[in-house]
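Before any comments, here is the structure.
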Amino acid sequence: MDAEPLSSTELDRIQLCGRLVATVNGRRIDTGLTASDERALFAYLVLHRLSPLDAGDVARTFWPGDPRPDADVRLVRLLRRLRKLVGSQLELQPYVQLRLKGDTLIDIETAAEAVHRAEAAVARGDWSTSWPAARVALHTARRPFLPGTRASWVDAQRRRLRDIELRALECIAATGLGLGGNEVISAERSARALVEREPLRESGYRYLMLAVSRRGNVAEALQAYAELARRLDADLGIAPSPDTRAIRDQLAQGTPDAATRAAASIAVRTFMFTDICESTALLTTIGDQAWRHLLEWHDRLIEEAIAQHRGEIMDRAGDGVFAAFDGPIDALRCAVTVQRRLAAHRVEHGFAPSVRIGLHADQAVATRGKFAGRGVHLAARVAAIAGPGEILVTTPTAAAASASLHQQRHVTLKGLPELVEVGILNWDE
């Protein structure tokens with residue numbers, strides 16, 4: 001079926017959640033995607049459009065159990081059918097890459113951007129911004145991604161959408177509490193949805209405790225805490241976090257306003273840790289004085305890159321820096337900027353520090369202008385296992401920024417009981 005032309009004034013839009021709808025170069029093409037494998041491949045190319053793809057890698061992703069020649073043949077047939085629909089915007093040589101207009105609206109990416117905008121607005125108490133942004137994210141995240149399709153990359157996108165949904169619910173709950181009045185009911189509803197979706201996610205219980213206590217039901221709030229404590233002890237053998245216990249204590253003492261302030265100190269940020277590695281060998285090569293000047297230049301580079309990408313330095317330790325960003329896109333761009341400037345210095349002068357960088361987005365507690373908590377520790381541990389010159393990123397953080405990772409793997413990080421999925425962000429492309 002031929003693609004249907006639309007008005008030239010309309011932006012290209014691609015809806016991957018729910019029923020697939022797609023306009024490319026002003027033409028509706030989804031009516032021509034009649035087979036499930038065509039729709040799946042189109043979605044895959046859309047989500048990986050920023051990186052040239054090796055055809056063999058794509059074939060193995062879609063048909064991992066098929067012999068290589070058979071998988072290659074199937075892929076070529078699908079690509080040819082897609083090219084008839086989208087034209088020259090689908091490049092097949094030397095790599096496979098779908099080149100969309102820069103202003104194309106893609107629902108998953110719009111939702112990821114919206115939830116980050118909502119989180120940043122919640123952090124500064126801008127309820128008029130956080131409310132609609134969180135609703136936009138939630139609307140998309142609750143729709144199924146490629147229903148009926150089973151593949152590891154599809155499961156990764158579904159996990160990404162689930163994460164967006166949970167974070168949107170957190171933002172709606174925080175906004176409802178911030179607005180007060182009848183919106184506290186929305187806060188309670190979102191908190192209950194969080195608890196139902198993720199029974200071990202403490203944020204849902206915290207918002208539920210605050211919401212029901214605002215409505216005068218302090219005993220019910222304390223009961224919610226007791227239920228959380230029971231679940232954590234039974235399933236993990238641990239107690240609720242200090243942040244959650246602080247809210248419980250404030251409610252038990254009859255000071256709900258203090259409990260609300262304690263909850264408000266919890267924010268979502270993207271954390272970046274940098275560290276110079278293999279410094280002894282370089283110091284021996286260039287000498288003490290040159291090394292001192294090089295360190296001063298390195299520090300200025302890091303500071304300028306963080307400021308350029310709207311980050312904030314939280315702390316310094318040895319030759320490294322701990323910084324926080326409102327969203328993962330700025331953090332990833334900052335890390336790429338750092339590595340590229342180091343590489344340029346190495347080409348021009350013959351030497352430069354070798355820096356490893358770790359990135360992770362998570363909740364943390366803001367205390368005296370700094371952040372602390374599990375998310376910060378996780379980011380530091382990720383940086384600690386990065387190799388020289390690497391940018392190592394947790395997979396959900398990269399997905400939220402629509403960034404592709406290489407050499408993805410599950411790792412054990414010191415002090416954390418669960419496996420964490422990470423990958424390397426290419427910065428020299």
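- Taken to the nearest 0.5 Å, the OG atom of Ser213 stands 9.5 Å off from the CG atom of Leu208.
- Between Leu105 and Ile14, the closest side-chain pair of non-hydrogen atoms is not below 4.5 Å.
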Exercise. Tell me, with the steps shown, if Arg300 and Glu304 meet salt bridge (charged side-chain N to carboxylate O under 4.0 Å, His left out).
Key: CA-CA 6 Å; Arg300 289 196 303 272; Glu304 290 169 1; 5.2 Å; no
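- Between Arg74 atom CZ and Leu79 atom CG the span is 13.0 Å, to the nearest 0.5 Å.
- For the pair His360 (side chain) and Val393 (backbone), a donor-acceptor distance under 3.5 Å is absent.
- Taking the centre and axis of the six-membered ring of Trp63, the NZ or CZ atom of Arg60 falls outside the cone set by 45° and 6.0 Å.
- Side chain of Thr104 to backbone of Leu100: no donor-acceptor contact under 3.5 angstrom is found.
- The distance from the CZ atom of Arg80 to the NZ atom of Lys84 is 9.5 Å, given to the nearest 0.5 Å.
- Between the OG atom in Ser354 and the CD atom in Gln339 there is a gap of 7.5 Å [rounded to 0.5 Å].
- Taking a cutoff of 4.0 Å between a charged side-chain nitrogen and a carboxylate oxygen, Glu202 and Arg231 do not qualify as a salt bridge.
- Sparse packing is recorded around CZ of Arg333, with 12 or fewer heavy atoms of other residues, nucleotides or ligands lying under 6.0 Å away.
- Look at Arg39 and Asp37 and you find no salt bridge, because none of the NZ, NE, NH1 or NH2 atoms lies under 4.0 Å from a carboxylate O.
- No donor-acceptor distance shorter than 3.5 angstrom exists from the side chain of Glu165 to the backbone of Leu161, with no hydrogens or angles considered.
- Here the CZ-CG distance, from Phe145 to Leu20, works out to 9.0 Å after rounding to the nearest 0.5 Å.
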Practice problem: Step by step, work out the ring pair (Phe, Tyr, Trp, His ring centres under 6.0 Å) result for Phe322 and Phe371. | Solution: CA-CA 10 Å; Phe322 164 36; Phe371 291 98; 7.9 Å; no
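- Using a 4.5 Å heavy-atom cutoff, the side chains of Leu425 and Val336 are in contact.
- Between Arg201 and Glu170, at least one side-chain nitrogen of the basic residue sits less than 4.0 Å from a carboxylate oxygen of the acidic one, meeting the salt-bridge criterion.
- With respect to Glu119 and Arg269, no salt bridge is recorded, no charged nitrogen being found less than 4.0 Å from a carboxylate O.
- Between His48 and Ser404, the side chains place no donor N or O within less than 3.5 Å of an acceptor N or O (distance only, hydrogens not considered).
- Across Arg49 and Gln97, no two heavy atoms sit closer than the pair O-NE2, 2.8 Å.
- Each of Thr140, Ile106, Val21 was scored for a side chain to side chain contact (heavy atoms under 4.5 Å, CB included) with Gln15, with one residue passing: Val21.
- Taking OG from Ser203 and CD from Glu198, the interatomic distance works out to 9.0 Å, rounded to the nearest 0.5 Å.
- A donor-acceptor pair under 3.5 Å links the side-chain atoms of Thr397 to the main chain of Ala361, judged by distance alone.
- A side-chain donor-acceptor contact under 3.5 Å links Arg143 to the backbone of Cys17.
- In summary, the side chains of His309 and Thr337 do present a donor paired with an acceptor at a separation below 3.5 Å, with no hydrogens or angles considered.
- At a threshold of 4.0 Å, the pair Glu296-Arg292 counts as salt-bridged, since one of the basic side-chain nitrogens sits closer than that to a carboxylate oxygen.
- Scanning both residues, Arg142 and Ala193, for their nearest heavy atoms gives NH2-CB, 4.2 Å.
- Leu45 and Leu82 make their closest contact through CD1-CD1, 3.9 Å (heavy atoms, listed as atom of the first residue, atom of the second, distance).
- A side-chain N or O of Arg206 and one of Thr244 form a donor-acceptor pair less than 3.5 Å apart.
- At a threshold of 4.0 Å, the pair Glu91-Arg99 counts as salt-bridged, since one of the basic side-chain nitrogens sits closer than that to a carboxylate oxygen.
- Residues Asp155 and Arg158 are paired through a salt bridge, judged by an N-O separation under 4.0 Å between the basic side chain and the carboxylate.
- For the 3.5 Å distance criterion, the side chains of Asp326 and His116 fail to qualify, holding no donor opposite an acceptor.
- Under the 3.5 Å distance criterion, the side-chain polar atoms of Trp127 are left unmatched by any main-chain donor or acceptor of Ala174.
- Look at Glu390 and Arg356 and you find no salt bridge, because none of the NZ, NE, NH1 or NH2 atoms lies under 4.0 Å from a carboxylate O.
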